[in-house]
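Heads up, the thing below is written out as structure tokens.
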2 protein chains.
Amino acid sequence: MEILPERTVERLSHYRRVLSKLLEINKEYIYSHEIAKLLHITPVQVRRDLMLIGHSGTLRKGYRIRELISLIGTIIDNPEKYKVAIVGFGKLGHALLNYLTENESNLHLVALFDTNPEKIGTTNNNVICYSVDRIPEIIKRYKIDMALLTLPPQFAQLTANQLVESGVKGIINYTSSILSIEGAFLEQYDMIASLEKVAYFTKPEFYL
Amino acid sequence: MEILPERTVERLSHYRRVLSKLLEINKEYIYSHEIAKLLHITPVQVRRDLMLIGHSGTLRKGYRIRELISLIGTIIDNPEKYKVAIVGFGKLGHALLNYLTENESNLHLVALFDTNPEKIGTTNNNVICYSVDRIPEIIKRYKIDMALLTLPPQFAQLTANQLVESGVKGIINYTSSILSIEGAFLEQYDMIASLEKVAYFTKPEFYL
DNA sequence: TCTAAACTGTTATTGAAGTAACAAGTAAAA
DNA sequence: TTTTACTTGTTACTTCAATAACAGTTTAGA
Ligand SMILES: NC(=O)c1ccc[n+]([C@@H]2O[C@H](COP(=O)([O-])OP(=O)(O)OC[C@H]3O[C@@H](n4cnc5c(N)ncnc54)[C@H](O)[C@@H]3O)[C@@H](O)[C@H]2O)c1
Ligand SMILES: NC(=O)c1ccc[n+]([C@@H]2O[C@H](COP(=O)([O-])OP(=O)(O)OC[C@H]3O[C@@H](n4cnc5c(N)ncnc54)[C@H](O)[C@@H]3O)[C@@H](O)[C@H]2O)c1
């Protein structure tokens, strides 16, 4: 299969989430316009995404929910779960730990890393916090695929480099420092920029 | 001035952040390629953004840092600071409170909202937590511009509606439920979708 | 049996964002 | 003083994403 557009992949994640809920209440088929309504997008967008992943619906009956969920799974999941680490076990790191352990998903949180001696060695929601010195060792041992950076910004680049060298293939950077990495997929989420953007668009001049 | 592209606004926030640091060490002028290098983007992108906001540099000397920072301010800031509320004062809400109060910015966190009686009435980093019942009253009284949604997903849409009716003009939704609102700018940040996207792109087939 | 309405699947068009190309002008060096 | 190298500012082009248009198929109902 061709490589999918980023936005499509994000929507596949959304589709799966809402479809799973519908499956629970024993709905069997769904129309593109029903999916669209749930996500506040257009039916065309839905059909196009499904076309891209090669899913065919039944004319006048719509898409078979169970089948669609399972197809999305084969595309965005791994046979084994993706292994994830959180680097920087502070306030935000805690929140993410909590979120990842209580929400069932195809992601498996395997390790935490920090520099604070009081945190190193502790077990939190069954996940051990290691010293950052052990990043190469632990990443390799558990074959960790992805890392979430929630450490102070000034250490982000250096740590990202170490992570990638140790085999990490995807990074989400929540710090405010802007990174550059080679050999791995990088996603930045800069909360301040996001807030300032929203602030800009709240200006009365361009109410939408 | 014309309405700016969303991405440009985000980058303006980045420009300002790095430029402020340079100003502190008494750098006076900067070239587009220097800015570009700091943010890992292209010099053309920088010049184009600055063109859009109508800033002129000096040929062969670059941009006057102080001037540029102040221009960015007039564009993305408010004369008074933007007033922000956090709705849902749980783990993530706490992290955000912490982040917003310790990072100096043009945003002023004014109120927290929750339903938990143990949290209502408490003061945290000088910010009071109110009952969600008082959303209309408090939003209007303090003229709150923006809200961050960090409450359980099933309440997000209803609460968003209330917020907008009370006068909020921008919302960042951190819950996993997908919202639709009219009359305000909405930004969704769905962490699971973001993680699943990164996971997808870590697949060995398309190393970049 | 025939017709019309309702959906799907795909191609074509539009729009937004980023990149490239280059003209114009200035400072520094020769 | 003249030349050269460098940097800005702007227009043109490319790429990616979303939307529109429509052909094709099935089912229900006349
Ligand atoms: N709190 C938020 O809501 C929020 C939001 C967006 C971005 N951020 C960013 O996320 C990062 C963490 O924020 P926070 O509020 O959790 O801060 P925090 O101070 O609570 O946590 C930082 C943690 O990182 C650890 N640490 C320090 N140096 C380290 C290193 N070299 N390697 C690994 N760990 C190290 C610290 O011991 C601490 O546990 C910051 O960069 C912040 O800008 C935070
Ligand atoms: N923790 C994370 O890192 C994280 C990441 C992404 C998204 N999220 C999402 O953010 C939201 C909050 O996550 P959390 O980990 O902080 O959960 P949490 O349970 O710690 O916090 C939720 C808070 O919302 C309050 N609340 C309940 N009903 C409310 C209502 N009707 N109005 C206002 N407040 C109400 C609760 O009392 C609690 O304080 C969830 O939707 C979660 O999916 C969390």
Side-chain angles (χ1 to χ4, degrees), chain A residues 1-15 19 27-65 67-68 71 178 180 185-188 193 197 200-201 206 208, chain B residues 1-15 19 27-65 67-68 71 178 180 185-188 193 197 200-201 206 208:
Chain A
M1 175 176 312
E2 282 293 294
I3 187 166
L4 296 171
E6 290 198 22
R7 300 301 176 81
T8 295
V9 177
E10 288 176 5
R11 283 189 296 269
L12 290 178
S13 169
H14 292 156
Y15 297 154
L19 292 175
K27 194 169 158 75
E28 200 174 346
Y29 283 93
I30 193 165
Y31 297 125
S32 61
H33 66 257
E34 293 178 293
I35 300 181
K37 194 156 199 184
L38 289 168
L39 303 190
H40 305 111
I41 58 178
T42 66
V44 185
Q45 179 96 83
V46 175
R47 293 205 297 276
R48 212 174 182 297
D49 286 336
L50 300 191
M51 185 193 91
L52 290 174
I53 63 172
H55 181 79
S56 290
T58 311
L59 253 170
R60 303 260 313 176
K61 286 184 85 176
Y63 303 91
R64 203 184 182 81
I65 295 179
E67 218 172 78
L68 184 47
L71 176 63
I178 289 153
S180 156
F185 185 87
L186 172 67
E187 167 103 344
Q188 313 244 15
K197 178 177 76 172
Y200 172 81
F201 284 103
F206 23 80
L208 23 166
Chain B
M1 174 177 311
E2 281 295 292
I3 187 166
L4 298 170
E6 291 198 22
R7 301 300 177 82
T8 295
V9 177
E10 289 176 4
R11 282 189 297 270
L12 289 178
S13 169
H14 293 155
Y15 297 153
L19 292 175
K27 192 170 162 72
E28 200 174 345
Y29 283 93
I30 192 163
Y31 297 126
S32 60
H33 65 257
E34 294 179 293
I35 300 181
K37 194 156 199 183
L38 290 168
L39 304 190
H40 305 110
I41 57 178
T42 66
V44 185
Q45 179 98 83
V46 174
R47 293 205 297 277
R48 211 172 184 296
D49 286 336
L50 299 189
M51 184 193 91
L52 289 175
I53 64 172
H55 182 79
S56 289
T58 312
L59 253 170
R60 302 260 316 173
K61 288 184 83 176
Y63 303 92
R64 203 185 183 81
I65 294 179
E67 219 171 77
L68 185 47
L71 176 62
I178 289 154
S180 156
F185 185 87
L186 172 68
E187 167 104 343
Q188 313 245 15
K197 178 177 76 171
Y200 173 82
F201 285 102
F206 23 80
L208 22 167

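Sequence lines set the chain letters: A, B, ... in the order given, protein chains first and strands last, and positions in each chain run from 1. As the structure is a computational prediction, the values presented were derived from the model and not from experiment.
- Between Y15(B) and Q45(B), the shortest heavy-atom contact is OH-O, 4.0 Å.
- The bend of the helix from dT1(C)-dA30(D) to dA30(C)-dT1(D), defined by the angle between the axes of its first five and last five pairs, stands at 20° to the nearest 10°.
- Summarising the geometry, atom CD belonging to Q188(B) is positioned 9.5 Å from atom OG belonging to S180(B); distances are rounded to the nearest 0.5 Å.
- Shortest non-hydrogen contact noted between K197(B) and V9(A) is CA-CG1, 3.7 Å.
- Under the salt bridge (charged side-chain N to carboxylate O under 4.0 Å, His left out) criterion, K27(A) pairs with E34(A), not counting sequence neighbours.
- In this structure, E2(A) places its CD atom 15 Å from P of dT15(D), rounding to the nearest Å.
- The CD atom of E6(A) sits 15 Å away from the C1' atom of dA16(C) (whole-angstrom rounding).
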Item to check | Contact state string [nucleotides 3-11 of chain C, B base, S sugar-phosphate only, - no protein heavy atom under 4.0 Å] | outcome: --BBBBBBB

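- One interatomic measurement links the two molecules: CD1 of I53(B) to P of dG9(D), which rounds to 11 Å at whole-angstrom precision.
- What separates CZ of R11(A) from P of dC16(D) is a distance of 15 Å, to the nearest Å.
- Across Y29(B) and K61(B), no two heavy atoms sit closer than the pair CB-O, 3.4 Å.
- Nearest heavy-atom pair, S32(A) versus R47(A), reported as atom, atom and distance to 0.1 Å: OG-NH1, 3.3 Å.
- Considering CD1 of I35(A) and CG of L19(A), their distance stands at 5.0 Å, rounded to 0.5 Å.
- The distance from atom CG of L39(B) to atom CG of D49(B), rounded to the nearest 0.5 Å, is 10.0 Å.
- In this structure, CG of L39(A) is placed 13 Å from P of dT19(D), rounded to the nearest angstrom.
- Remark: Q45(B) is in phosphate contact with dT19(C), judged by side-chain N or O atoms under 4.0 Å from OP1 or OP2.
- Classification of the Y63(A)-H55(A) ring pair by plane angle, with boundaries at 30° and 60°, yields tilted.
- Summarising the geometry, the separation between CD1 on I41(B) and P on dA20(C) is reported as 13 Å, rounded to the nearest angstrom.
- Between D49(A) atom CG and dT19(D) atom C1' the separation is 13 Å, expressed in whole Å.
- Atom CZ of R7(B) is separated from atom P of dT19(C) by 11 Å (rounded to the nearest Å).
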